[in-house]
Amino acid sequence: MTFTIREATLEDVNEIAKVHVSSWHSTYTGMTDEQFANILTYESSHTRFVEKLEEDNVFIYVAEHSKHGIVGFVTTGPQRYEVEGYPGEVYAIYLLEEFQGTGVGKKLFIRAVQQLEVLGFPSFTVLLMKENTPAKRFYDHLGGKEIKQSTFEINEVVYEDIFYGWDNIHSFLETVK
């Protein structure tokens, strides 16, 4: 399969929103209550990515397939949470279900981490739901370590999150070459 990893543009927002909503539903349906799984809409996702692309410190990269268009994306930038010693963060990575396990997710993740290195961050985290076993396997495989747990509430249901961390961006990028 031929994929191109490139920085997203405003022209990509429609496809990014479609990937976001489709991947969100395939990931969270059955893992969460129905309201959580259905909380994301195409309209809210579209608006969100238009806003994100206008931010100076947020970077979005897409995986574009030669025949299928945009099949995944990753967002990255400065840490949004209080996680001492980890100034960078990979905010989100989403792939259409049929492209998971093809290696494109790893390529997107590496590209996001390369951007964090360019920004001068020595280390980084990613935040995921504790119930998201496929994501945990993905980050374990990439050398991430659980460093912190937290909770959040949606519609009076409490969910658990895990922060995975990588202490050294340079070492991570040398390892995954």
Taking the side chain as every heavy atom from C-beta outward, state whether E117 and F124 have any atom pair closer than 4.5 Å. no
Once you round to the nearest 0.5 Å, how far does CG of L108 lie from OG1 of T76? 11.5 Å
In terms of relative ring orientation, are F138 and F109 parallel, tilted or perpendicular, with 30° and 60° separating the classes? perpendicular
Say whether, by atom type as modelled, one donor and one acceptor occur between the side chain of K130 and the main chain of Y159 under 3.5 angstrom. no
Salt bridge flag under 4.0 Å for residues E51 and R48: no
Please step through salt bridge (Lys or Arg N to Asp or Glu O under 4.0 Å) for the pair E55 and K52, ending with a clear verdict. CA-CA 5 Å; E55 291 182 31; K52 290 292 178 198; 3.5 Å; yes
Calculate, to the nearest 0.5 Å, the distance between atoms CD and CD1 belonging to E84 and I147 respectively. 11.0 Å
For H65 and V71, the nearest pair of non-hydrogen atoms, with its separation, is CB-CG1, 4.0 Å
Do Y91 and P78 make a side-chain contact, defined as non-hydrogen atoms from C-beta onward lying under 4.5 Å apart? yes
Same hydrophobic cluster for F121 and I93, using side-chain heavy-atom links shorter than 4.5 Å among ILVMFWY? yes
Counting distance only, does the side-chain N/O of T75 pair as donor-acceptor with the main-chain N or O of I60 below 3.5 Å? no
For N132 and T27, which heavy atoms make the closest approach, and how far apart are they? ND2-CG2, 3.7 Å
What's the separation between atom CZ in F3 and atom CD1 in I70, rounded to the nearest 0.5 Å? 12.5 Å
Quick one: does Q115's side chain get under 4.5 Å of Y61's, heavy atoms only? yes
Does the ring centre of F163 sit less than 6.0 Å away from the ring centre of Y86? no
Between T47 and S44 (side chain of the first, backbone of the second, donor and acceptor by atom type, cut-off under 3.5 Å), is there such a pair? no
Spatial distance of atom CD1 (I110) from atom CG (L142) [nearest 0.5 Å]: 7.0 Å
Would you name the heavy atoms of W166 and S123 that are closest together and state the gap between them? O-CB, 3.2 Å
Please walk me through it: do Y81 and K148 pass side chain to side chain contact (heavy atoms under 4.5 Å, CB included)? CA-CA 11 Å; Y81 304 98; K148 182 178 176 179; 5.8 Å; no
Do the side chains of V50 and V21 join up, straight or via other hydrophobic residues, at under 4.5 Å, putting them in one cluster? yes
Is there a side-chain contact between D140 and Y164 (heavy atoms, below 4.5 Å)? yes
For the CD atom on E54, are there more than 12 heavy atoms of other groups (residues, nucleotides or ligands in this structure) within a distance under 6.0 Å? yes
Intermediate values then yes/no, side chain to side chain contact (heavy atoms under 4.5 Å, CB included), L116 and F59: CA-CA 9 Å; L116 292 174; F59 298 86; over 6 Å; no
Under 4.5 Å between any side-chain heavy atoms of I5 and Q114, yes or no? no
Please determine whether residues V104 and V113 belong to a single hydrophobic cluster, defined as Ile, Leu, Val, Met, Phe, Trp and Tyr linked transitively by side-chain heavy-atom distances below 4.5 Å. yes
Side-chain touch L10/F49, heavy atoms, less than 4.5 angstrom: no
State, to 0.1 Å, how close V19 and G72 come at their nearest heavy-atom pair, and which atoms those are. CG1-CA, 3.9 Å
Which heavy atom of V74 sits nearest a heavy atom of V90, and at what distance? CG2-CG1, 3.7 Å
Can you tell me how far apart OG1 (T2) and NZ (K67) are? Round to the nearest 0.5 Å. 8.5 Å
Relative to each other, are the rings of H20 and W24 parallel, tilted or perpendicular (30° and 60° limits)? perpendicular
Determine, stepwise, if the pair Y139 / E146 fulfils side chain to side chain contact (heavy atoms under 4.5 Å, CB included). CA-CA 9 Å; Y139 297 125; E146 185 179 326; over 6 Å; no
Please give me the minimum heavy-atom distance between E89 and L127, naming the atom from each residue. OE2-CB, 4.5 Å
In Å and rounded to the nearest 0.5 Å, what is the CD to CZ distance from E15 to F73? 12.5 Å
Is it true that atom NE2 of H68 has more than 12 heavy atoms of other residues, nucleotides or ligands lying nearer than 6.0 Å? yes
Dump the intermediate steps for side chain to side chain contact (heavy atoms under 4.5 Å, CB included) on T102 and L95, then the final yes or no. CA-CA 10 Å; T102 64; L95 287 173; 5.7 Å; no
Got more than 12 heavy atoms from elsewhere within 6.0 Å of CD, E82? no
